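Data block below; observations after.
Just so we're clear, the structure is a prediction, and the values are computed from it rather than from any experiment.
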Amino acid sequence: MFQNLSAWSTAYAIGLGVWLLTGAIAFWGLLKLRRRWREKPLAKKFVHAGLGLWMLLALLTLPEIACALFYDQTDSFSQTNVSRRWYALHVETNRDHFRDDQPLPTQRQPGQQSVVFVGDSFTFGHGVKNTADRFTNRLRSRWERERPDQFLVSNVSLPGLDIRMLTDELVVDLYREQHPVDLLVYVFVPNDIEYFDEHSAEHYNSLAAMQPHGWLFGETYFYNLLWYRWQSLRRPEASSYYGYLQGAYTSKPWPRFTTKLDQLRATCDSHGTRLAIVAFPFLQDLGGEYSFAVAHEHLGKYCQEHNTPYLDLRSTLAPHASEGLVVNRFDSHPNARAHELAAEALAPWLETLLDPPPP
């Protein structure tokens, strides 16, 4: 509870404080007037009406206080104040400004291999409170237990990271800072192509249009949450999780995307790094007819043609879709169970890439 208090914005703390103080003064004043006017029936009716209004406002304040103190949940695009507070409470970064409890290695011991995972919010663990529950951290713990001192595992991920940022900035910075990278694992998610799709600007403009104005819906937690839930009902096309990108993999954005993959492969080759690609599916419709199957198929074909190791996690996660693999109904990111399943599939596959071939 006290952590939640520390995450309150100044505007919210002041606004709530003023509201509660005003309410207390009004209640005291109304009680005082009722005692003074107890012999004046007409005046007392107005006082009772004021007390009734006060009780109504008090009841409307209770869910706000409860939400501000105890409710802690993300949404897909981190639009709500509750979701933003989740970040403030549960995301701690290392000295390299990435969400990890270990810094990026600057050197490795003889015989050690450095495995670096790069990706967006799926790799980052959006909605997963404990970093130990992410697939990268599960892999690190498993290897530290079963194969100590053989592998260094790093999570280099950022929410909203797309293929352009990955190739032009993130990976380039890794090598510029001279971090050892023996195996670079690019964790692909179907929205990574969004930078090349002309509909992305419209999508984000729709999200921006949902933003509320004023203190009541802009700064609060419960009423801000209600605002966005109502907007989601009014604008399902804006809140849908990247459904507009389905056609991107059979049109112009796809060759532009593969050009960036070519660039990523060339960068890795020039630094003696092996590249592997892991495809994380969208999980909200994984149990039915998966709408992004073409994206995975095109990426698999690309990897086969360019001799790039590729693992599609769709076959691992789909049989468990009924278990509920998303963070919550308003957040389509993988939950701790999905990360666990991903780690179980990744460990043996990565070991075949990292272990030296038999003599």
Side-chain angles (χ1 to χ4, degrees), residues 1-13 15-16 63-93 97-100 119-134 155 157-162 189-192 194 200 203-243 280 282-284 324-339:
M1 182 179 76
F2 294 109
Q3 278 187 316
N4 286 349
L5 286 172
S6 66
W8 286 0
S9 69
T10 302
Y12 179 75
L16 182 61
E64 171 59 29
I65 294 175
C67 190
L69 291 176
F70 303 110
Y71 190 72
D72 189 11
Q73 193 176 79
T74 52
D75 56 81
S76 289
F77 298 102
S78 203
Q79 292 176 284
T80 63
N81 289 335
V82 168
S83 187
R84 296 189 187 104
R85 186 181 61 196
W86 182 94
Y87 267 77
L89 293 175
H90 301 293
V91 174
E92 296 183 6
T93 58
H97 308 294
F98 296 107
R99 189 191 184 197
D100 207 346
D120 66 0
S121 52
F122 276 51
T123 311
F124 180 88
H126 177 102
V128 178
K129 293 182 179 181
N130 191 343
T131 54
D133 291 330
R134 299 185 305 180
N155 185 314
S157 56
L158 294 170
L161 186 78
D162 60 29
V189 181
N191 64 301
D192 289 358
E194 65 176 326
S200 292
H203 171 70
Y204 284 103
N205 286 337
S206 296
L207 291 179
M210 296 169 65
Q211 185 174 351
H213 301 285
W215 187 87
L216 178 61
F217 294 108
E219 295 291 339
T220 58
Y221 291 98
F222 178 72
Y223 293 101
N224 173 266
L225 194 65
L226 284 184
W227 171 272
Y228 278 108
R229 296 293 182 261
W230 178 57
Q231 290 294 315
S232 296
L233 293 174
R234 291 181 62 240
R235 303 167 180 255
E237 73 287 348
S239 58
S240 65
Y241 199 66
Y242 296 107
F280 232 116
F282 283 154
L283 301 170
Q284 68 272 19
L325 300 180
V326 297
V327 172
N328 60 64
R329 62 175 296 195
F330 298 103
D331 187 350
S332 299
H333 288 85
N335 61 15
R337 174 57 175 158
H339 279 265

Using the six-membered ring wherever Trp is involved, compare the ring planes of Tyr204 and Phe77 and label them parallel, tilted or perpendicular (cut-offs 30° and 60°).
perpendicular

Are Tyr221 and Phe70 close enough that their ring centers fall under 6.0 Å?
no

Parallel, tilted or perpendicular for Trp86 and His90, by the 30°/60° rule?
tilted

One should read off an interatomic distance between Asn81 CG and Asp75 CG, to the nearest 0.5 angstrom, of 10.0 Å

Mark yes or no for whether Ser332, through its side chain, and Gln284, through its backbone, hold a donor-acceptor pair below 3.5 Å.
no

CZ (Arg85) and CG (Asn224) are apart, to the nearest 0.5 Å, by 10.5 Å

Could you grab the distance from atom CD of Gln73 to atom CG of Asp331, nearest 0.5 Å is fine?
8.0 Å

More than 12 heavy atoms of other groups within 6.0 Å of Arg329 CZ:
no

To the nearest 0.5 Å, how far apart are CG in Leu325 and CG in Asn335?
6.0 Å

Between atom CD of Glu194 and atom CG of Asp162, what is the distance when rounded to the nearest 0.5 Å?
6.0 Å

Nearest 0.5 Å, please: how far is NE2 in His203 from CG in Asn191?
9.0 Å

Arg99 (side chain) donor-acceptor with Val91 (main chain) under 3.5 angstrom:
no

Shortest non-hydrogen separation from Trp8 to Leu16 and the atoms involved:
CH2-CD2, 3.8 Å

Which residues pass the ring pair (Phe, Tyr, Trp, His ring centres under 6.0 Å) test with His333, sequence neighbours left out?
Phe122, His126, Tyr241

Which residues share a salt bridge (charged side-chain N to carboxylate O under 4.0 Å, His left out) with Asp100, sequence neighbours left out
Arg134, Arg140

